Amino acid sequence: MAISSVQLPSFQVSPVPDMGLKLSISGAFIQVDGRWDVRYQFIHEDGSFNVKVMGLSISVGLKLGNDESGRPTIAPTDCSCHISNVEVHMSGTIGWLVDLFHNNVESELRQSMEDQICPEVTQSITSKLLPLLQTLPVTAKIDQISAIDYSLTGPPSVMANWVDVSLKGEFFDISHRTAPPFAPPLLSLPPEQDLMVYFAVSEYLFNTAGLVYQSAGALVFNLTDDMIPKESSVHLNTSSFGLLIPSVSKMYPNMLMKLEISAASAPALNINPGNLTLSPVGNIQAYAILPNSSLAPLFLLQMKMNALAKVAVNSGKIVGSLELGKVEISLVHSDVGLFSVSVISMAVNYYVSATLLPRVNEILKNGFPLPLIDHIQLTDFVIETYEHYLLFGANAHYE
């Protein structure tokens, strides 16, 4: 026998507050076609049959939770099933006999199917759906340094019209994971209901990223003269810097230079209504490149910057870019004698904006993934800023 037709005119998943989800199917229709065969001693009869199951309704309660690994769990809580009518038609030499007692046959068949459907549904949830949820990834690798932990921090909260799912949202070092020295902020989301899906992303996610990369020594950028546009009037060599700091060209005449730019501390993003700001503090160590390729330290500067961050969603990833304000410079140490930093402030601002900033934005352009589900396509994205978090809204449909 084979199922030749299935119709599900009404299929619905509804939240049940403080309980879980209710899966409901009503008015379903199933048709089964096949052949029958009877062999008993010298008797051999066969023919075809057709069974129509009409008005099939199933209601299943599902409890949502999470396990120790932060993966979702699901368990059936209740199940009910009803079949309005079953029709059986048989052809062949004894088909007339079945038709004669069709009321009894159809009633027994309907009762038998009703008795078996809920146990089968419950078994499928336990043996198929739950193991599938246990395979869902709770981390996403970003690069060779970091990954994001998207594990559940507790069981989903079910409201009347939506389900709240709390995810950790934390960057961590792949080689050596340690707990961040700060806690995530409490989020109080607005009662938005215009779109189908909302993601709230707090400062904690971005700031754990800054901590991981700074601790791993990845926030170090080396700037050399071959990275400066050829048409630039200011180049990274002792001759150019000698015009600003004469002792540089006297001590190291006609030599190339290298600037090592590093973060003095982990950059922290501040999210407020209407804007996202960064106030990173960095160090600039200047070197002269000697003829034997060794480095001679020249001076160490500290720079303080104010930056505006822009965030968008592209191909399921959160991407960003920075716009820098003026860089403030102070002298920390000099190996070429004292000098006024104001004379090189313009050059440093040029190097940072023309060379360093595009490299940082190229990294931010790669973005990091949202915790999406396969085959669910999000559209109509909107982004709003609130105190300590970003709110991403979107519509969703299954592909």
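No experiment lies behind these values; they were computed from the predicted model shown.
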Just by distance, no angles: are the side chains of N272 and H388 close enough, under 3.5 Å, to form a donor-acceptor pair?
no
Going from OG on S59 to NE2 on H82, what distance comes out if it is rounded to the nearest 0.5 angstrom?
13.5 Å
Using only atom types and a distance under 3.5 Å, with no angle test, would you say the side chain of S146 pairs donor to acceptor with the backbone of I142?
no
When rounded to the nearest 0.5 Å, the distance separating CZ of R35 from OG of S91 is 6.5 Å
Can you confirm whether the side chains of D33 and S4 place a donor and an acceptor under 3.5 Å from each other?
yes
So, taking the atom named CD1 in I74 and the one named CG in L21, what distance separates them when rounded to the nearest 0.5 Å?
6.5 Å
Dump the intermediate steps for side-chain contact (heavy atoms from CB on, under 4.5 Å) on K317 and V313, then the final yes or no.
CA-CA 5 Å; K317 291 185 176 182; V313 175; over 6 Å; no
Please report the shortest heavy-atom distance between P156 and G65, naming the atom on each side.
CD-O, 3.8 Å
Closer than 3.5 angstrom, by distance alone: can the side chain of R71 be matched with the main-chain N or O of L136 as a donor-acceptor pair?
yes
Under 3.5 Å donor-acceptor, R177 side chain and F172 backbone:
no
Donor-acceptor check, side chain of S215 to backbone of V212, threshold 3.5 angstrom: yes or no?
no
Given side chains that start at C-beta, do those of E170 and Y150 come closer than 4.5 Å, heavy atoms only?
no
Looking at side-chain heavy atoms only, is the closest gap between V360 and L322 below 4.5 Å?
yes
Remaining members of hydrophobic cluster (4.5 Å side-chain criterion), L189
L187, L195, Y198, V382, Y386, Y389, L391
When you check the side-chain N and O atoms of S239 and S249, is any donor under 3.5 Å from an acceptor?
no
Does a sphere of radius 6.0 Å around NZ in K63 hold more than 12 heavy atoms from other residues, nucleotides or ligands, not counting ones at 6.0 Å or beyond?
no
Per the side-chain hydrogen bond (donor to acceptor under 3.5 Å, both in side chains) rule, what does the pair list look like for residues 275-289, sequence neighbours excluded?
S279-N306
Please evaluate residues H44 and D37 with respect to the criterion side-chain contact (heavy atoms from CB on, under 4.5 Å), reporting the C-alpha separation (whole Å), side-chain torsions for both, the decisive distance (0.1 Å), and the verdict.
CA-CA 7 Å; H44 178 205; D37 189 284; 3.2 Å; yes
Any donor and acceptor pair, going by atom type alone, linking the side chain of E45 with main-chain N or O of V38 inside 3.5 Å?
no
Between M54 and M1, is there a shared hydrophobic cluster once you connect ILVMFWY residues whose side-chain heavy atoms come closer than 4.5 Å?
no
Apply side-chain hydrogen bond (donor to acceptor under 3.5 Å, both in side chains) to Q116 and S112, showing your working.
CA-CA 6 Å; Q116 294 182 56; S112 177; 3.0 Å; yes
Report yes or no: does Q12 contribute a side-chain atom to a donor-acceptor pair with the main-chain N or O of L23 at less than 3.5 Å?
no
Look only at the side chain of N349 and the backbone of V327, and say whether a donor-acceptor pair between them is shorter than 3.5 Å.
yes
Please report the interatomic distance OG1(T139) to CD1(I148), rounded to the nearest 0.5 Å.
10.0 Å
Tell me whether the count of non-hydrogen atoms from other residues, nucleotides or ligands lying under 6.0 Å of CG in D18 goes above 12.
no
For atom CD1 of I43, decide whether the heavy atoms of other residues, nucleotides or ligands shown that lie under 6.0 angstrom number more than 12.
yes
Given N237 and N254, is the side-chain contact (heavy atoms from CB on, under 4.5 Å) satisfied, shown in steps?
CA-CA 7 Å; N237 54 50; N254 301 317; over 6 Å; no
Return the set of residues passing salt bridge (Lys or Arg N to Asp or Glu O under 4.0 Å) with D115 (not counting sequence neighbours), or none when no residue passes.
none
Taking a hydrophobic cluster as the set of Ile, Leu, Val, Met, Phe, Trp and Tyr residues connected by side-chain heavy atoms closer than 4.5 Å, whether directly or through intermediates, do I383 and L364 fall within one such cluster?
yes
If the condition is salt bridge (Lys or Arg N to Asp or Glu O under 4.0 Å), which residues does E114 pass it with, not counting sequence neighbours?
R110
Show the nearest heavy-atom pair for residues P15 and M159, with the distance to one decimal.
CB-O, 3.3 Å
Looking at residues at least two apart in the chain, or sitting in another chain, which of them share a salt bridge (Lys or Arg N to Asp or Glu O under 4.0 Å) with K310?
E323
Path from L269 to L357 over hydrophobic side-chain contacts below 4.5 Å
yes
Without swapping roles, check the side chain of D225 against the backbone of L236 for a donor-acceptor pair under 3.5 Å.
yes
Are D335 and H333 linked by a side-chain donor-acceptor pair shorter than 3.5 Å?
yes
Assess whether atom CD of E108 is packed by more than 12 heavy atoms of other residues, nucleotides or ligands within 6.0 Å.
no
Separation between CD1 of I289 and CE of M255, rounded to the nearest 0.5 Å:
10.5 Å
Give the minimum heavy-atom separation between T135 and L132, together with the two atoms involved.
OG1-O, 2.6 Å
Would you name the heavy atoms of G70 and V138 that are closest together and state the gap between them?
O-CG1, 3.9 Å
Contact between L211 and F182 at the side-chain level, heavy atoms closer than 4.5 Å - yes or no?
yes
Please tell me whether F206 and F171 form a close aromatic pair, meaning their ring centres lie under 6.0 Å apart.
no
Closest non-hydrogen atom pair between S262 and V220, with its separation
CB-CG2, 3.9 Å
With a 3.5 Å distance limit and no angle check, can you tell me whether S57 reaches the backbone of C81 through a side-chain donor-acceptor pair?
no
Got a sec: does the CG of L290 have more than 12 other heavy atoms crowding it under 6.0 Å?
yes
In terms of heavy-atom contacts, L219 and P267 come closest through CD1-CD, 3.6 Å
Distance-only, no hydrogens or angles: does the S247 side chain make a donor-acceptor pair with backbone N or O of G337 under 3.5 Å?
no
Atom pair OG1 (T208) and CG (D149), whose distance is rounded to the nearest 0.5 Å
9.5 Å
Using the rule given for side-chain contact (heavy atoms from CB on, under 4.5 Å), can you reason through L356 versus L223, listing the C-alpha separation, both sets of side-chain angles and the distance that settles it, and then say yes or no?
CA-CA 8 Å; L356 177 62; L223 185 59; over 6 Å; no
Could you list the residues that satisfy disulfide bond (SG atoms under 2.5 Å apart) with C79, not counting sequence neighbours?
C118
